[in-house]
Amino acid sequence: MKVRKIPERTCVVTREKFPKKELLRIVRTPLGNVEVDLVGKKNGRGAYIKRDLEVLEKAMKTKVLEKHLETVIDDNVYLEIKKVIENN
């Protein structure tokens with residue numbers, strides 16, 4: 001029996017590799033909106049962050065998500081990400 005390969009992604013804040021399911025995907029849609037992608041299938045440019053509030057705080061301070069997604073991120077998006085992290 002073949003062993004299935006577990007897809008890994010890199011957190012844009014900590015630069016650590018994790019299995020894809022342990023990270024949270026943030027997407028800039030083709031229309032320019034920034035959204036949380038819970039399914040991992042939305043169209044657009046994506047960036048992954050660790051599901052940790054400290055990592056989210058660091059991302060807000062360094063604006064690393066804005067650099068990766070090449071757009072300005074509204075505070076409401078950060079609040080939405082925080083809610084998703086707290087609920088998991």
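- Side-chain atoms of K82 and L56, non-hydrogen and from C-beta on, do get closer than 4.5 Å to each other.
- Of the possible polar contacts, none joining the N33 side chain to the T29 backbone as a donor-acceptor pair under 3.5 Å is found.
- Although no hydrogens or angles enter the test, the distance criterion places no donor-acceptor pair under 3.5 Å between the side chain of R45 and the main chain of P30.
- Here the side chain of D37 pairs a donor or acceptor atom with the backbone of G40 at under 3.5 angstrom.
- Interatomic distance, NZ of K20 versus CZ of R9, reported as 5.0 Å (0.5 Å rounding).
- Heavy atoms from other residues, nucleotides or ligands lying under 6.0 Å from CD of E54 number 12 at most.
- Annotation: the span from T10 atom OG1 to L23 atom CG amounts to 8.5 Å, rounded to 0.5 Å.
- In the hydrophobic clustering of ILVMFWY residues, with side-chain heavy atoms under 4.5 Å counting as a link, V13 and V36 come out together.
- For the pair K42 and E35, the salt-bridge criterion is met [side-chain N within less than 4.0 Å of a carboxylate O].
- One finds the NZ atom of K58 at 11.0 Å from the CG atom of D52 (value rounded to the nearest 0.5 Å).
- When atom types are taken as modelled, the side chain of R51 and the backbone of I85 share no donor-acceptor pair closer than 3.5 angstrom.
- Side-chain contact check for V12 versus I26: every heavy-atom pair is 4.5 Å or farther apart.
- Atom CZ of residue R25 and atom OH of residue Y48 lie 5.0 Å apart, to the nearest 0.5 angstrom.
- How far NZ of K67 is from CG of L65: 10.5 Å, rounded to the nearest 0.5 Å.
- With a 4.5 Å cut-off on side-chain heavy atoms, F18 and K50 count as touching.
- Tracing side-chain contacts under 4.5 Å through hydrophobic residues (I, L, V, M, F, W, Y), one never reaches L38 starting from V27; they form parts of separate clusters.
- Rounded to the nearest 0.5 angstrom, M60 CE and L79 CG are separated by 7.0 Å.
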